[in-house]
2 protein chains.
Amino acid sequence: MTQNAQVSRIQRGRRTEIRRENERVILDAAEKVFAEAGYGGATMQLIADMAGLPKANLHYYFPTKEALYRQVVRNIFEIWLHAADTFDHAPGPVEGIGGYIEAKMAISRRHPFGSKVWASEVMHGAPVIQDYLETTLRDWTAGRMAVIQRWVDQGKMAPVDPRHLLYMLWAMTQHYADFGHQIETLNGGKPLTDAQWQEATETVKSVILRGIGVI
Amino acid sequence: MTQNAQVSRIQRGRRTEIRRENERVILDAAEKVFAEAGYGGATMQLIADMAGLPKANLHYYFPTKEALYRQVVRNIFEIWLHAADTFDHAPGPVEGIGGYIEAKMAISRRHPFGSKVWASEVMHGAPVIQDYLETTLRDWTAGRMAVIQRWVDQGKMAPVDPRHLLYMLWAMTQHYADFGHQIETLNGGKPLTDAQWQEATETVKSVILRGIGVI
DNA sequence: CCACAACCTGACCATCCGGTCAACATAATT
DNA sequence: AATTATGTTGACCGGATGGTCAGGTTGTGG
């Protein structure tokens, strides 16, 4: 028991390490392939090649393609939820919403594949994570709407419908990931530079913050 | 010649009518299936069933799945381009941008499948319409950016980066089509009513117009 | 009415894909 | 060292899919 506890804490086991590493490699490859080809267009063989493993090995760690896909989507969902921390402990809309925009823009830049997988999943009717939408996301949304409504009631911002404001924030920030290819093409075929990302973030922030009457 | 011209104008021919009608039915079905299943997930059999035609008939009108898909994407692109008419003949940002938001929100409601197909295509790297992005869309974007910049120079609106403002407009309006399922789920599983669409449009308009300093 | 062209479609095929499995290799345990 | 548990992989399979085609039907022009 003592030994088991120690093992699970320090993760000394070679076996555990192998499993952890392989699952990570597979999930990374899967995220990219699912994002670039869609669920239907993605093949286990493609994912295997990108992960540098034989296809049969994928099925050892993830029984089915859908199970692998489900795990990818869940991982993304977790990242998204944690992005709202700045939203919560903010004294007002300037810090709260401004910080949320910055956090989500940063995620769009760092996890473009994940954002695309999420978008794809939702666009196809959320066949895999419908229950998440109906429980976790719904609760999350209700909570943030309450925060925004409180700010409105306290006169800290213009009386904007909280629900549609949230949708606007999601739409604009995720657009830079989901439509990254289009943006890149319109940028002369080159990815946005650090300065351009900063510019995008500032533009979104300024328009929104002015739009809700806090500038 | 005279007869041909008349035929092509009035479309009397039964043959012509059959072809026109079948192509329309197939394209409508294809748009829906491509939107709901993605390119890879869509099957010619599914499209055929939805169109009420045998699969082989699809290949009579469209030689390959990709050719059919290409036509669907092109049709959508045309609709999008024509949506900017209100943008052009406007005296200032209030009418121009406000009208553009209304037009695009209306399109999102009326053509949700088309919007999703477009989003999917771009997310997967625009394998089919990359040339459109680099020519037509780029020119279109440059033109509208010039209009916005002129308004800024004339002091008709706050100095907002025209490019990112356009991206914001696209993102928000298309979000209501592309993420319609998520929005519907967060709306208690029911589609938005007329009033709710109006509310969404008004919220987007008010936040943006205030955000660019014209209210 | 005839002949030609356009349209229609059931049956078929080569290919690909997700998933399985048996045999083997390596690490952990006793 | 021996045994067991875990990880690895090439080969294989059933089913689905995009696409073909021959033979039929329907419209059209002469």
Side-chain angles (χ1 to χ4, degrees), chain A residues 1-27 29-30 33-34 36-72 127-128, chain B residues 1-27 29-30 33-34 36-72 127-128:
Chain A
M1 190 57 132
T2 309
Q3 197 177 7
N4 277 344
Q6 190 163 356
V7 164
S8 73
R9 193 184 305 153
I10 310 185
Q11 301 297 351
R12 275 258 182 242
R14 174 105 178 83
R15 280 273 157 70
T16 310
E17 192 182 334
I18 288 177
R19 172 168 283 271
R20 185 181 297 269
E21 173 66 9
N22 279 346
E23 284 180 349
R24 194 190 60 80
V25 168
I26 294 171
L27 284 170
V33 173
F34 281 133
E36 290 179 345
Y39 180 81
T43 68
M44 295 298 275
Q45 188 61 60
L46 256 174
I47 297 172
D49 292 347
M50 182 153 296
L53 294 171
K55 194 187 71 168
N57 212 345
L58 265 63
H59 282 100
Y60 174 74
Y61 287 103
F62 300 91
T64 65
K65 181 185 181 184
E66 186 178 324
L68 174 56
Y69 174 75
R70 184 184 294 267
Q71 191 58 47
V72 168
V128 169
Chain B
M1 190 57 130
T2 310
Q3 197 177 7
N4 278 343
Q6 189 163 358
V7 165
S8 73
R9 195 184 304 153
I10 310 187
Q11 301 297 347
R12 276 255 182 245
R14 174 104 177 84
R15 278 271 156 71
T16 310
E17 192 182 333
I18 289 177
R19 172 169 283 270
R20 186 181 295 270
E21 173 65 10
N22 278 346
E23 285 180 349
R24 193 189 61 79
V25 168
I26 293 171
L27 284 169
V33 172
F34 280 134
E36 290 179 346
Y39 180 81
T43 68
M44 295 298 275
Q45 189 62 59
L46 255 173
I47 297 172
D49 292 346
M50 183 152 298
L53 294 171
K55 194 187 70 168
N57 212 346
L58 267 63
H59 282 99
Y60 175 74
Y61 286 102
F62 300 91
T64 65
K65 181 184 180 184
E66 185 178 324
L68 174 56
Y69 174 76
R70 185 184 294 265
Q71 191 58 48
V72 168
V128 168

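Please read these numbers as outputs of a predicted model, since none were measured by experiment.
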Regarding the side chain of Thr43(A), the nearest nucleotide among dT9(D), dG18(D), dC17(C) is dC17(C)
Taking atom C1' of dT9(C) as reference, at what distance in whole Å does atom CE of Met44(B) sit?
14 Å
In this structure, how many angstroms lie between the C1' atom of dG7(D) and the CG atom of Leu58(A), rounded?
14 Å
Per atom distances to the Arg15(A) side chain, the nearest of dG19(D), dA6(C), dT6(D) is dT6(D)
Atom NZ of Lys55(A) to atom C1' of dA11(D): distance rounded to whole Å?
10 Å
Quick note, Pro54(A) side chain, CB onward, closest among dT20(C), dT20(D), dT9(D) is dT9(D)
Any ion pair linking Arg24(A) and Glu21(A) (charged N to carboxylate O, less than 4.0 Å)?
yes
Using a 4.0 Å heavy-atom cut-off across all strands, classify Ala67(B) as base, sugar-phosphate, or nothing.
nothing
Measuring to OP1 and OP2 of dA28(C), would you say a side-chain N or O of Arg14(A) lies under 4.0 angstrom away?
no
Assign each of Thr64(B) and Asn22(A) the nucleotide of DNA chain D bearing its closest heavy atom; nearer the 5' end lies the nucleotide of Asn22(A)
Rounded to the nearest angstrom, tell me the gap between atom CD in Gln45(B) and atom C1' in dG15(D).
14 Å
Would you say that Asp49(B) contacts Gln45(B) through its side chain, given a criterion of any heavy-atom pair below 4.5 Å between the two side chains?
yes
Geometric cation-pi criterion, Lys65(B) with Phe34(B): 6.0 Å, 45°:
no
So how far is it from Leu68(B) CG to Tyr61(B) OH, rounded to the nearest 0.5 Å?
13.5 Å
Just how far is it from atom CD of Glu66(A) to atom CZ of Arg70(A), taken to the nearest 0.5 Å?
5.5 Å
Round to a whole Å and report the spacing from NZ of Lys65(A) to P of dT20(C).
15 Å
Give one of base, sugar-phosphate or nothing for Ile18(B), where a contact means two heavy atoms less than 4.0 Å apart.
sugar-phosphate
Between dG19(D), dG27(D), dT9(D), which nucleotide gets closest to the side-chain atoms of Asn57(A)?
dT9(D)
May I ask you to verify if any side-chain N or O of Tyr61(B) is less than 4.0 angstrom from the OP1 or OP2 atom of dC8(C)?
yes
From CD of Glu23(B) across to P of dA6(C) the rounded distance in Å is 14 Å
Heavy-atom nearest nucleotide on DNA chain C taken for Tyr39(A) and for Ala56(A); more 5' hit belongs to Tyr39(A)
Specify the separation, in whole Å, of atom CG of Asp49(A) and atom P of dC17(C).
11 Å
Tell me: CG of Leu53(A) to C1' of dG10(D), nearest whole Å?
15 Å
Any side-chain N or O of Tyr60(A) less than 4.0 Å from the OP1 or OP2 oxygen of dT8(D)?
no
